[in-house]
Amino acid sequence: MPTVKFIGVLLVVLSCSLIGFLKSRCVLLRVKKLSAFCDGTEQLFEYIEQGNYELKTALKTAFIKCEFINFEKTEANCCDNDLIAEDKLLINNFMRSLGYSSKKAECDRIKAFGHLMQKRLQQAEKDMLQKSKIYQTFGICIGLAIGIFLI
């Protein structure tokens, strides 16, 4: 019987630790996805400024690395679980606002939005270092606490 209890406690500790590490991974993935999106806005700016592509083609080409942006419908849509709700809202609003202005206005809007997303990326990188360790440690500690409680 003690072996079953030990295995149960071990499973609780491991599952709580795994949850902490998965949450830590989500923070890391947010940084990677924001970085890919920032690169895409720079490319989109160049494509629109040069005028070689139609808007829809320029969007698909610029954001090809951004797998979290869905281009299947009439407008681009951000669908991802790693980005926070505010990131998704900003990206969706940006995508919906494209194509209604002159070339210069579009370029200015893309440039301004690129700067905004760069700031969000820098903040996410700062948060990643702290939050990643906190989530991992918190998961392990909660698992150990529950395990000790069950003993």
Side-chain angles (χ1 to χ4, degrees), residues 7-8 10-147:
I7 292 173
L10 184 63
L11 285 175
V12 167
V13 171
L14 289 176
S15 63
C16 288
S17 299
L18 181 66
I19 290 171
F21 280 92
L22 288 175
K23 186 63 177 168
S24 171
R25 185 174 176 269
C26 287
V27 173
L28 175 67
L29 286 175
R30 177 179 178 237
V31 170
K32 287 183 179 182
K33 290 178 180 184
L34 284 177
S35 177
F37 187 79
C38 288
D39 293 342
T41 55
E42 290 174 8
Q43 286 181 339
L44 181 64
F45 175 79
E46 291 175 11
Y47 293 153
I48 299 296
E49 188 177 51
Q50 293 172 359
N52 294 338
Y53 293 104
E54 177 184 286
L55 179 63
K56 193 168 189 169
T57 308
L59 282 171
K60 286 183 180 180
T61 307
F63 295 109
I64 197 161
K65 292 181 183 178
C66 299
E67 299 161 353
F68 55 93
I69 298 178
N70 185 4
F71 292 105
E72 293 178 9
K73 297 181 181 177
T74 56
E75 57 187 32
N77 188 23
C78 177
C79 50
D80 187 73
N81 291 331
D82 297 321
L83 296 174
I84 61 175
E86 190 177 346
D87 292 338
K88 289 189 272 190
L89 181 67
L90 285 171
I91 291 170
N92 285 335
N93 288 339
F94 171 70
M95 293 292 187
R96 287 185 190 113
S97 70
L98 290 173
Y100 297 107
S101 302
S102 67
K103 181 177 161 182
K104 173 141 176 42
E106 291 291 341
C107 288
D108 292 342
R109 184 180 302 132
I110 293 168
K111 194 79 154 169
F113 189 73
H115 287 299
L116 172 70
M117 293 308 284
Q118 281 291 341
K119 288 180 184 177
R120 292 185 69 78
L121 173 62
Q122 290 170 354
Q123 185 62 41
E125 287 172 342
K126 288 179 187 174
D127 291 346
M128 179 192 66
L129 297 174
Q130 294 172 345
K131 287 182 179 180
S132 179
K133 291 178 184 177
I134 288 173
Y135 286 135
Q136 291 172 2
T137 305
F138 193 65
I140 293 169
C141 290
I142 292 294
L144 289 173
I146 293 173

Taking all non-hydrogen atoms of both residues, which atom of [X] and which atom of [Y] are closest, and how far apart?
X      : Y     : value
Gly147 : Val12 : N-CG1, 4.4 Å
Arg30  : Ile84 : NH2-CD1, 3.6 Å
Lys88  : Cys78 : CG-SG, 3.7 Å
Lys103 : Ile48 : CE-O, 3.3 Å
Asp82  : Cys26 : OD1-SG, 3.4 Å

Point to revise | All side-chain contact (heavy atoms from CB on, under 4.5 Å) counterparts of Lys133, not counting sequence neighbours | key: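 For Lys133 there are no side-chain contact (heavy atoms from CB on, under 4.5 Å) partners, ignoring immediate neighbours.
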**Study point:** Partners passing side-chain contact (heavy atoms from CB on, under 4.5 Å) against Thr137 (at least two apart in sequence or in another chain)
**Key:**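 With sequence neighbours excluded, Thr137 shows a side-chain contact (heavy atoms from CB on, under 4.5 Å) to Cys141, given in chain and number order.
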Answer yes or no: is there a side-chain heavy-atom contact under 4.5 Å between [X] and [Y]?
X      : Y     : value
Met128 : Lys32 : no
Leu83  : Ile91 : yes
Leu14  : Leu18 : no
Phe94  : Leu44 : yes
Thr41  : Phe63 : yes
Met95  : Leu59 : yes

Would the number of heavy atoms belonging to other residues, nucleotides or ligands and lying under 6.0 Å from [atom1] of [X] be above 12?
X     : atom1 : value
Glu67 : CD    : no
Arg25 : CZ    : no
Ile64 : CD1   : no

Review point. Of Lys33, Arg120, Gln122, Met117, which meets side-chain contact (heavy atoms from CB on, under 4.5 Å) against Cys38?
Key: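 Looking at Lys33, Arg120, Gln122, Met117, the match for Cys38 under the side-chain contact (heavy atoms from CB on, under 4.5 Å) is Met117.
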Rounded at 0.5 Å granularity, tell me how far [atom1] in [X] sits from [atom2] in [Y].
X      : Y      : atom1 : atom2 : result
Ile19  : Ser24  : CD1   : OG    : 13.5 Å
Leu129 : Ile134 : CG    : CD1   : 11.0 Å
Gln136 : Leu22  : CD    : CG    : 10.5 Å
Leu29  : Ser35  : CG    : OG    : 12.5 Å
Ser17  : Leu144 : OG    : CG    : 6.5 Å
Ser102 : Asp108 : OG    : CG    : 8.0 Å

Exercise for review: Would you please test Asp39 and Lys65 for salt bridge (Lys or Arg N to Asp or Glu O under 4.0 Å) and show each step?
Suggested key: CA-CA 9 Å; Asp39 293 342; Lys65 292 181 183 178; 5.6 Å; no
Check your understanding: Would a distance-only check, ignoring hydrogens and angles, find a side-chain to backbone donor-acceptor pair under 3.5 Å from Glu42 to Ala62?
Key ->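 Side chain of Glu42 to backbone of Ala62, a donor-acceptor pair under 3.5 Å: no, none is there.
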Exercise for review: Please work out whether the ring planes of Phe37 and Phe113 are parallel, tilted or perpendicular, with thresholds of 30° and 60°.
Suggested key: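 Correct class here is perpendicular.
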